[in-house]
Colleague: 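Before anything else, here's the structure in question.
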Amino acid sequence: MATRTRLSTIDLATLGTTDAQSDSTIAFGRTDAATLWRLATGRRGRPKFATGFEGRRQIWSGEISFDVDAGDRFVGLHFGYRDNDALTEDVRIAVSGKDHAGVPIPAPAELDCGNLRLRLFGHPLRAFATLPRLAGIAGSRPGFQLTSRAHDKWLRVSLPLENAALDLEFVLSSFQEPYGDAFHIDYCLYGLSLIHHSTK
């Protein structure tokens with residue numbers, strides 16, 4: 001009988017600090033590419049790399065990518081950023097509370113990547129899939145900064161962490177629920193990046 005590997009929950013906010021890295025499944029500057037590959041894809045063996053932002057080597061799994069440095073150590077994480085301002089399916093589900101077939105999802109929408117489950121300040125994706133929801137869980141945190149971008153209908157939230165910079169980008173978007181009449185119009189999460197200070 002095959003056994004299922006348990007998901008490891010990683011909090012993006014905690015990942016950007018030093019105090020909790022010792023017991024985290026992954027840690028900046030310490031987790032090697034082979035471990036990231038195994039955790040993100042569920043496969044063992046030699047990692048497959050893609051070229052990402054500013055020429056960094058990346059390991060991809062679905063909508064999530066992990067940056068590694070020249071020494072094959074973990075230095076960054078990204079989610080989303082699809083072409084044509086398109087929202088990921090995970091975000092659409094988290095915003096609407098319904099799956100791709102229009103069936104309501106009873107549990108909070110999560111952001112999973114292989115054997116990793118990503119959260120923010122202990123909250124699942126549903127709690128930060130829109131700008132108002134993010135403001136509810138993080139708006140009073142020190143350093144919370146909201147800026148506009150050069151493009152209309154774009155906003156960036158920056159949350160400085162002890163050892164990393166967390167940027168969440170939102171785009172004003174509208175979409176209809178599958179097999180339903182309800183439309184969702186909000187600033188929805190387009191992508192996020194968590195970059196270790198050593199790479200800046």
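All residue numbers in this chain count up from 1 along the given sequence. Please read these numbers as outputs of a predicted model, since none were measured by experiment. The analysis underlying the following values was restricted to heavy atoms, covering all of them including side chains, and did not include hydrogens, waters or symmetry mates.
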Colleague: Consider only side-chain heavy atoms of I, L, V, M, F, W and Y, link residues closer than 4.5 Å, and tell whether Leu77 and Val157 are in one cluster.
Modeller: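 In one cluster with Leu77: Val157, yes.
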
Colleague: For residues Arg133 and His123, determine if any side-chain heavy atom of one lies less than 4.5 Å from a side-chain heavy atom of the other.
Modeller: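 In short, these two side chains do not touch, never coming nearer than 4.5 Å.
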
Colleague: Counting N and O atoms only, with roles assigned by atom type, does the side chain of Asp69 sit under 3.5 Å from a partner on the main chain of Gly71, one being a donor and the other an acceptor?
Modeller: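 The answer is yes, because a donor-acceptor pair under 3.5 Å joins these two groups.
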
Colleague: Where do Phe170 and Thr130 come nearest, in terms of heavy atoms and distance?
Modeller: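 Taking Phe170 first and Thr130 second, the nearest heavy atoms are CE2-C, 3.5 Å.
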
Colleague: Count I, L, V, M, F, W, Y as connected when their side-chain heavy atoms are under 4.5 Å apart, and connections chain through other members. Are Ile93 and Leu116 then in the same cluster?
Modeller: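 Unlinked, Ile93 and Leu116 end up in two clusters.
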
Colleague: Of all the heavy-atom pairs spanning Arg92 and Phe175, show the shortest one and how long it is.
Modeller: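 Residues Arg92 and Phe175, closest heavy atoms: NH1-CB, 3.5 Å.
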
Colleague: Going by an N to O cut-off under 4.0 Å, is there a salt bridge joining Asp112 and Arg117?
Modeller: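 Yes.
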
Colleague: With rounding to the nearest 0.5 angstrom, report the OG to CG distance, Ser148 to Leu155.
Modeller: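 Going from the OG atom of Ser148 to the CG atom of Leu155 covers 7.0 Å.
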
Colleague: I need the minimum non-hydrogen distance between Ile59 and Ala33, along with the two atoms involved.
Modeller: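 That closest heavy-atom pairing would be CD1-O, 3.4 Å.
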
Colleague: What pair of heavy atoms forms the shortest contact from Pro104 to Lys98, and how long is it?
Modeller: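 Scanning both residues completely, I find the closest heavy atoms to be CA-CG, 4.0 Å.
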
Colleague: Centroid-to-centroid, Tyr190 to Tyr81, below 6.0 Å?
Modeller: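 Aromatic pair counts; centres sit under 6.0 Å.
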
Colleague: Under 4.5 Å between side-chain heavy atoms, hopping through other hydrophobics if needed: is there a path connecting Leu146 to Leu172?
Modeller: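 As far as the 4.5 Å side-chain criterion goes, Leu172 and Leu146 are connected within one cluster.
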
Colleague: If you take all heavy atoms of Leu120 and Ala13, which pair is closest and at what distance?
Modeller: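 Scanning both residues completely, I find the closest heavy atoms to be CD1-N, 4.0 Å.
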
Colleague: Would you confirm whether Arg43, through its side chain, and Trp37, through its main-chain N or O, come within 3.5 Å as a donor-acceptor pair?
Modeller: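 No: the side chain of Arg43 does not pair with the backbone of Trp37.
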
Colleague: Hey, does Leu111 have a side-chain heavy atom less than 4.5 Å from the side chain of Arg119?
Modeller: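 No, side chains not in contact.
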
Colleague: When you measure from the side chain of His184 to the backbone of Ser174, do you find a donor-acceptor pair of N or O atoms at a distance under 3.5 Å?
Modeller: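 Judged by distance alone, no pair lies under 3.5 Å.
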
Colleague: Atom CZ in Arg56, atom CD1 in Ile195: separation rounded to 0.5 Å?
Modeller: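 CD1 of Ile195 is found 5.0 Å from CZ of Arg56.
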
Colleague: Closest heavy-atom contact between Ala129 and Val91?
Modeller: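 Minimum heavy-atom separation between Ala129 and Val91: O-CG1, 4.2 Å.
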
Colleague: Let me check something: do Leu161 and Ile26 share a hydrophobic cluster, defined by ILVMFWY side-chain heavy atoms less than 4.5 Å apart, either directly or through other members?
Modeller: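 Same hydrophobic cluster.
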
Colleague: Roughly how far, to the nearest 0.5 Å, is CD of Glu110 from CG of Leu125?
Modeller: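 Result: 8.5 Å between the selected atoms.
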
Colleague: Evaluate the criterion side-chain contact (heavy atoms from CB on, under 4.5 Å) for residue pair Phe74 and Thr35; output intermediate values, then yes/no.
Modeller: CA-CA 10 Å; Phe74 170 54; Thr35 301; over 6 Å; no

Colleague: CG/Leu159 to CZ/Phe144 distance, rounded to the nearest 0.5 angstrom?
Modeller: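 It comes to 6.0 Å.
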
Colleague: Could you tell me the separation between the OG1 atom of Thr31 and the CG atom of Leu15, rounded to the nearest 0.5 Å?
Modeller: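 Interatomic distance, Thr31 OG1 to Leu15 CG, rounded to 0.5 Å: 8.0 Å.
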
Colleague: Indicate yes or no for a side-chain donor-acceptor contact from Arg73 to the backbone of Arg30 under 3.5 Å, with no hydrogens or angles considered.
Modeller: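 Side chain of Arg73 to backbone of Arg30, a donor-acceptor pair under 3.5 Å: yes, one is there.
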
Colleague: Let me check something: do Trp60 and Phe79 share a hydrophobic cluster, defined by ILVMFWY side-chain heavy atoms less than 4.5 Å apart, either directly or through other members?
Modeller: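 No, no single cluster joins them.
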
Colleague: Is there a side-chain contact between Ser173 and Asp85, using heavy atoms and a 4.5 Å cut-off?
Modeller: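 In short, these two side chains do not touch, never coming nearer than 4.5 Å.
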
Colleague: Look only at the side chain of Arg82 and the backbone of Leu87, and say whether a donor-acceptor pair between them is shorter than 3.5 Å.
Modeller: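 Yes, the answer is positive, given that a donor and an acceptor are paired below the 3.5 Å cut-off.
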
Colleague: Once you round to the nearest 0.5 Å, how far does CG of Asp67 lie from CZ of Phe28?
Modeller: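 Here the interatomic distance stands at 9.0 Å.
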
Colleague: Would you say the side-chain atoms of Asp11 pair up with the backbone N or O of Gly122, donor to acceptor, closer than 3.5 Å?
Modeller: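 Yes, Asp11 side chain to Gly122 backbone: donor-acceptor pair under 3.5 Å.
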
